[in-house]
Amino acid sequence: MKNVRLRFAPSPTGPLHIGGARSALFNYLLAKKYRGTFLVRMEDTDLERSSAASEENIKDSLKWLGMDWDEGVDAGGDCGPYRQTERLSIYRQAVDKLLAEGKAYYCFCSEEELDREREAQSARGETPRYGGKCRDLTREEWQSRLDSGAKPVVRFKVPPGEEVAIDDLVRGRVAFETDGIGDFIIVKSDGIPVYNFAVVLDDVTMKISHVIRGEEHLSNTPRQVLLYDALGYAMPKFAHISLILGQDKTKMSKRHGSTSVVAYRDQGYLPEALVNFLALLGWSPEGEEEIFDLDGLVEAFSLDRVSKSPAVFDLEKLKWLNGVYIRNAAPERRLAFALPHLQNAGLVPAEPAADDLLWAQTVTEALKNHINAFGELPALIARYRQPVAYGEELGEELKALGEDAVTVIRAVLAKLEALETVSADGYKALLKEVKKETGIGGRPLFHSVRIAKTGSTEGPDMDKVAIIIGREGMIERCREFLRFMEHFLQS
RNA sequence: GGCCCGUUGGAGAAGCGGCUUAACUCACCAGCCUUUCACGCUGGCAUUCAGGGGUUCGAAUCCCCUACGGGUCACCA
């Protein structure tokens, strides 16, 4: 394939969300696969809702995910500028051409008028669409209205009785009747072009070869096709990917939890895990392997394995995937990602000393198998720092353990008191001795200790927990447990 | 309401007319490993592909209808 050029063209009206990131990723992957260009442009024609902060968020999110762009905002290139509000003259020329050729016309209808028309149409069960009141106004009429200060919109004259079809790379041939489309607005009364018009010109002038975008744009595509025709431009190839749904199968929204990329970053997800997960949303690899880094995805990705049916966002799977990446990461990388969460929770100072870093490292390594996101770390650690609560769910286990638990903890307590400090190895040895002394080993031994120290039957290796709790903490917990058991065994 | 898209297990998802007694992954269950807990490993988990017709020697795969879900018809993108 030659001159493959793909783009991600978000409107900066909010943070980059999961759906946008997935679109960006698919465009990125295809561009890289064919050694083409990936570019980013901003569709900021909605002056009300666009903001510089959103643009920054989107760019930061893309970079964080590892999707650097070859061309576009901040990166430059030959087809700029890459913000629609900076391309107004390009659009103006095209509008003038359409107006001159009679393919578009000024419309002076007021918004109230249009609202009323639409309402009446829906009331009658008709498709709401522009009736064409201004379609046949003469140029003289335009001029006199313009002269008297009217601010018209420009509408595209949709040719009646035609069929427009697109050959979609994921959905196949999709056809629409032009009779179902009213003359649509291409330039707003403030002179800013509308999305459907601006995209066409941008994609043409930026020489885009493939447009991968969400399914919500499928119904808009015939309008764009009409514009390509009217302007005499060749069309890019289209690929409309299915929507991302929440667990309840409705369109993904805040109700379903976090939807922005930064939210996942802040919860302690690794970018490579999120990218991997995003790729699996609507695309499936050929073999059994589901774990792919960006380069692996570039190689494996192809549009013919993109699904037509909507993809459901499965948070459980994202968590699992993130857990896999956490476990596979290098210890330094784990520490780098864990540190901010430890600092936010006040467990490590903002300016950590060597000791603090060592502690953070130790804790992170001890808990790496027990978390699916780094944000879970503080809560887990809190379990070893706050007084233990021996909850009701432990009842059965404790009953089964019975006097053995008391015997074990008494022995452990005695040994701890005799020691100065506790290392992981020292603790292992300590338990061995307890086993020898009491004759209790295996599950009864470990579960007694685990429950006494953490109030839970599951968690990391006991020697690692020992380091997190420390000698004093353990002694305190042993005593507390013995007090608790006295009452428990009586009742 | 018109137009357009979709519908495979608890969940995601492969499948593109015979190789399917429906891959793979998550979740779940069982076993192994571990003196504990996890990690890891092994095995189990849809006689059936929304429902109904049809085409065919043969259909999850092609056609039609119905139901359900979604998108779109904006001076939003």
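In what follows, every heavy atom counts, from backbone to side chain, and hydrogens, waters and symmetry copies are set aside.
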By the 4.0 Å heavy-atom rule, please label [X] as base, sugar-phosphate, or nothing.
X	answer
A:Ser448	nothing
A:His217	base
A:Pro128	base
A:Ser11	sugar-phosphate
A:Arg213	nothing
A:Asp46	sugar-phosphate
A:Glu111	base
A:Gly180	nothing
A:Lys435	base
A:Asp190	nothing
A:Ser456	nothing

_B:G10 to B:C65 separation - C1' atoms, rounded to the nearest Å_ =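 Rounded to whole Å, the distance is 31 Å.
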
_Euclidean distance for P, B:U47 against B:C39 (whole angstrom)_ =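 Approximately 30 Å lies between the P atom of B:U47 and that of B:C39.
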
_Among A:Asn372, A:Asp293, A:Asn276, side chain to side chain donor-acceptor pair (under 3.5 Å) partner for A:Tyr325_ =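 Among the candidates, only A:Asn276 passes.
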
*Would you say the side chains of A:Glu397 and A:Thr457 form a donor-acceptor pair under 3.5 Å?*
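There is no such pair between these side chains.
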
_Could you tell me if A:Thr454 and A:Ser456 have a donor-acceptor pair between their side chains, going purely by distance under 3.5 Å?_
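Distance-only check fails for A:Ser456 and A:Thr454.
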
*A:Tyr106 six-ring centre to A:Arg145 NZ/CZ under 6.0 Å and within 45° of normal*: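 No - A:Arg145 does not lie over the ring of A:Tyr106 by the 6.0 Å and 45° rule.
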
Distance-only criterion, 3.5 Å: show the donor-acceptor pairs between side-chain atoms of residues 164-186 of chain A and protein atoms not counting sequence neighbours.
unit_1	atom_1	unit_2	atom_2	d
A:Asp168	OD1	A:Val170	N	2.8
A:Asp168	OD1	A:Arg171	N	2.9
A:Asp168	OD1	A:His240	N	3.3
A:Asp168	OD2	A:His240	N	3.1
A:Asp168	OD2	A:His240	ND1	2.6
A:Arg171	NH1	A:His240	O	2.9
A:Arg171	NH2	A:Lys308	O	2.7
A:Arg173	NH2	A:Glu163	OE1	2.9
A:Thr178	OG1	A:Pro159	O	2.7
A:Thr178	OG1	A:Gly161	N	3.4
A:Thr178	OG1	A:Glu162	N	2.9
A:Thr178	OG1	A:Glu162	O	3.1
A:Asp179	OD1	A:Gly161	N	2.6
A:Asp183	OD1	A:Val158	N	2.9
A:Asp183	OD2	A:Tyr105	OH	2.5
A:Asp183	OD2	A:Arg135	NE	3.4

_Base B:U36 to side chain A:Arg450, donor-acceptor N/O within 3.5 Å cut-off_ =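 Check passes, donor-acceptor contact within cut-off.
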
_On the side chain of A:Ser219, is there an atom forming a donor-acceptor pair with the base of B:C4 - under 3.5 Å, no angle test?_
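Between B:C4 and A:Ser219, which were checked side chain against base, a qualifying N/O pair under 3.5 Å is absent.
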
*Watson-Crick or G-U stems involving RNA chain B, each at least 3 pairs long, distances under 3.5 Å, ordered by first number*: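 RNA chain B stems, ordered by first number: B:1-7 with B:67-73, B:10-12 with B:24-26, B:28-32 with B:40-44, B:50-54 with B:62-66.
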
*Sequence neighbours left out, what passes side chain to side chain contact (heavy atoms under 4.5 Å, CB included) with A:Met485? Give chain and number order.*
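Residues passing side chain to side chain contact (heavy atoms under 4.5 Å, CB included) with A:Met485: A:Leu398, A:Ala405, A:Val406, A:Phe481, A:Phe488, A:Leu489.
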
*At their closest point, which heavy atom of A:Ala24 faces which heavy atom of A:Leu62, and how far apart are they?*
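Distance-wise, the nearest heavy atoms are CB-CD2, 3.7 Å.
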
